[in-house]
Peer 1: 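Starting off with a structure, shown below.
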Amino acid sequence: MKRTHHCNELRPAHVGQTVTLSGWVHSRRDLGGVIFIDIRDREGRTQTVFDPSDLPADLFARAEKLRSECVVSVTGKVRGRPDGTNNAKIATGEVEVAVTALEVLNMADVLPFPVDDPEVAAKVNEELRLKYRYLDLRRPEMARNLRLRSKAAIATRQFMDEQGFLEVETPILFKSTPEGAREFLVPNRREPGTFYALPQSPQQFKQILMVGGVERYYQLARCFRDEDQRADRQLEFTQVDIEMSFIEREDIYALIEGLLKRVWKATLNADVPIPFKRLRFEEALNRYGADKPETRFEMQLADFTGEFRSSAFKVFSGAVASGGVVKALNAKGLAGATQGQIETMTEYARSFGAKGLAYIKVENGEWKSPIVKFFNDAEKQALIAKLGIEEGDLILFAADQWLNACEILGKIRLYCAEVLQSQGKLTIDPNRFDFLWVVDFPLLSFDKEQNRWYSSHHPFTAPVAEDVPLLKTEPKKVRGQHYDVVVNGVELGGGSIRIHQPDVQKTIFEDVLQIPPEETKLRFGYMLEAFRHGAPPHGGIALGFDRLCAILSGTPSIRDVIAFPKTAKGVDLMTDAPAPASARQLRELHIKSSDGKS
RNA sequence: GGGGGUGUAGCUCAAUUGGUUAGAGCGCUGCCCUGUCACGGCAGAGGUUACGGGUUCGAGCCCCGCCACUCCCGCCA
């Protein structure tokens, strides 16, 4: 037998038993006469003792040769530690195993980076961690993340099963639907010049499943998007994909609240209060400057459009005159912001097309600002009243079209919070989870360059029933039956009630989105046809499972909750994928590469 | 596609204004050590300063190029 107990199991109650532990050499302390070796497995670690007075010389000699991360199996007797030598840092710290037999299952080369010291290991260059991912995964932090992810997946499946959902797998080899994210194409060997595409999401299949009478579908679905990556975006990722028939928005809210409550309980033993708050899209932008508001701190935006409509400060009154708004934010206690910090904020504003960033520093009872000389008393009083201006505050302004002004200050709000946190002036409890729904999104957005409307979410989103008459007259005012679930400023997922009437869907495609009928037929014909054969009303949602796990694990990067993630350029540093294909493979696939490499 | 950051020993980092032989801790190797758990002590090895150019009497440091990683914008229906 290679193991009788795992390495986080032995307690004083086991004293006297003969046990066998298997695992990795976590650390070795060779005192010359006696050697202590901590054996580590995925559960924890246990100290073993090699005492030469009890051991054959050759066994002791082999123990002397062990080094970090060798794989061993040791047998010995559990005993209590001598007085004063307990180790309170580990769960097995009251006992040790007096070794009588050692089997070296495998030696290990010297490590490229340490895995035993959490503080050092956490700082190791990620490039190195990814190249030697198998070592990285041995670190307790990473092992914990994988375990958390597994627990979250199991809790999801149990909950969805209890709620009567069927897990249905949908194809990975799908058809290109050239709208939305760039897709990965897979050449078809059987017919030159034709391609599959990997799905960006199972969206169309899950709707078809509703037409197929499944009624309640879910899947932990792998999705693929060939877009540039971020800390929270990978080329391939997993979403909890859900679709239900005969429901309204409220049913989805209740389902997801129940699901997230279950997942948080199962993984962190945390109690998530439900129901979640709800914020209208417009309100989220007006108050937090984002459609995924971070609500764990206040610092809300205020509106001064009315107050500055006829201001002597032309930047503000001019913005209002051209249909824009004036918004402001009070970063309490940030009057001491450095020039560099102000510059960073100004860059945020510029990246949204603003010319600059107006601000007021309130220091020594004075308003220090290049613009305050343009303000009259009424304007100043309005600022004081609405923003609660006090000594030490930093006031920041955005004057622009509504969405832009909100988003500029939204970005700056988050940046200010970061700075205030680093200065110890703002504390955000890392164990606090602020869930909320963002609702009442506009169904459509206008693309100025192409002079046409496009779907804010996707073209299958149903309009709010009472807004349907506005579709052809005032598209801007039509609200979609769309909803996003947000936690701590992270968009965890989104979904909608779908259009199930073929005529409404056709109107959206052809009249509103102005996709030519023949193209509609080519791209979505099978869906429209399916909807003509008895499509139930339905709706659904997709949750970003990697993001969910990252939140649970308390890490900002989803790479830390994916066993084998890719770099920003889409490279797997361990396997070196992607790699050139052989000439023979290309020939079979009827592919000619134009880069000259193959 | 664009902007910012990083790259020095196996790992984490330092190196004054451009100035001697590029240092430290950990790790590694050897020796010593019977109660350590960040074991301790002594000694030692280990460097194309990512890479390619340039300026200079002299470059880890300045300039140009390039590569990798990373953060952000664009993009992500």
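Throughout, a chain's letter reflects where its sequence line sits, starting with A, and its residues are numbered from 1. Since this is a predicted model, take the numbers as computed values, not measurements.
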Peer 1: Would you say a side-chain N or O of A:Lys569 is under 4.0 Å from OP1 or OP2 of B:U70?
Peer 2: no
Peer 1: Looking only at atom C1', what distance separates B:C63 and B:A22, rounded to whole Å?
Peer 2: 22 Å
Peer 1: Quickly work out the A:Phe50 CZ to B:U34 C1' distance and round it to whole Å.
Peer 2: 15 Å
Peer 1: Select base, sugar-phosphate, or nothing to describe what A:Arg79 touches, counting heavy atoms under 4.0 Å on all strands.
Peer 2: base
Peer 1: At under 4.0 Å, does any side-chain N or O of A:Lys411 touch on OP1 or OP2 of B:C72?
Peer 2: no
Peer 1: If you pin A:Ser27 and A:Pro82 to their nearest nucleotides in RNA chain B, which one's is more 5'?
Peer 2: A:Pro82
Peer 1: For A:Ser455 and for A:Pro52, locate the closest nucleotide of RNA chain B by heavy-atom distance; then report the residue assigned to the nucleotide nearer the 5' terminus.
Peer 2: A:Pro52
Peer 1: Could you check whether A:Leu128 gets within reach of a base, just the sugar-phosphate, or nothing at all, counting any heavy atom under 4.0 Å?
Peer 2: sugar-phosphate
Peer 1: Which whole number of Å gives the distance between the P atom of B:G27 and that of B:U49?
Peer 2: 26 Å
Peer 1: Starting at CD of A:Glu94 and ending at P of B:C37, how long is that distance when rounded to a whole Å?
Peer 2: 18 Å
Peer 1: Taking atom P in both B:C26 and B:G44, compute the distance separating them and give it to the nearest angstrom.
Peer 2: 15 Å
Peer 1: Nucleotide by nucleotide, 5' to 3', does protein get under 4.0 Å of the base (B), only the sugar-phosphate (S), or neither (-) in nucleotides 28-33 of chain B, counting heavy atoms?
Peer 2: -S---B
Peer 1: Give me the distance, rounded to whole Å, that separates B:C62 from B:U16 when you measure between the P atoms they each carry.
Peer 2: 11 Å
Peer 1: Under 6.0 Å between the ring centres of A:Phe205 and A:Tyr217?
Peer 2: no
Peer 1: How is A:Gln203 classified with respect to the nucleic acid when contacts are heavy atoms under 4.0 Å: base, sugar-phosphate, or nothing?
Peer 2: base
Peer 1: Within the structure shown, what part of the strands sits under 4.0 Å from A:Arg559 by heavy-atom distance: base, sugar-phosphate, or nothing?
Peer 2: sugar-phosphate
Peer 1: Please list, chain by chain and in numerical order, all residues satisfying side-chain contact (heavy atoms from CB on, under 4.5 Å) with A:Ser22, sequence neighbours excluded.
Peer 2: A:Lys2, A:Arg3, A:Ser73
Peer 1: Could you tell me whether A:Phe60 and A:Phe50 have their ring centroids closer than 6.0 angstrom?
Peer 2: no
Peer 1: Between B:G46 and B:C61, how far apart are the P atoms? Round to whole Å, please.
Peer 2: 24 Å
Peer 1: If I take atom NE2 in residue A:His26 and atom C1' in nucleotide B:C39, what distance separates them, rounded to the nearest angstrom?
Peer 2: 14 Å
Peer 1: Give the rounded distance in Å between these two atoms: CD of A:Glu183 and P of B:C76.
Peer 2: 12 Å
Peer 1: Under 3.5 Å, is there a donor-acceptor pair linking the side chains of A:Gln501 and A:Asp503?
Peer 2: no
Peer 1: If we take the C1' atom in both B:A14 and B:A24, what is their distance in whole Å?
Peer 2: 7 Å
Peer 1: At under 4.0 Å, does any side-chain N or O of A:Thr85 touch on OP1 or OP2 of B:U36?
Peer 2: no
Peer 1: Any residue in residues 222-234 of chain A with a heavy atom nearer than 4.0 angstrom to RNA chain B? Just list them by number, or reply none.
Peer 2: A:Arg225, A:Glu227, A:Asp228, A:Arg230, A:Ala231, A:Arg233
Peer 1: Without decimals, in angstroms, what is the distance between A:Glu418 CD and B:C72 P?
Peer 2: 10 Å
Peer 1: For A:Glu127, answer base if it contacts any base atom (sugar-phosphate contacts may also be present), sugar-phosphate if it contacts only those atoms, and nothing otherwise; contact means non-hydrogen atoms under 4.0 Å.
Peer 2: sugar-phosphate
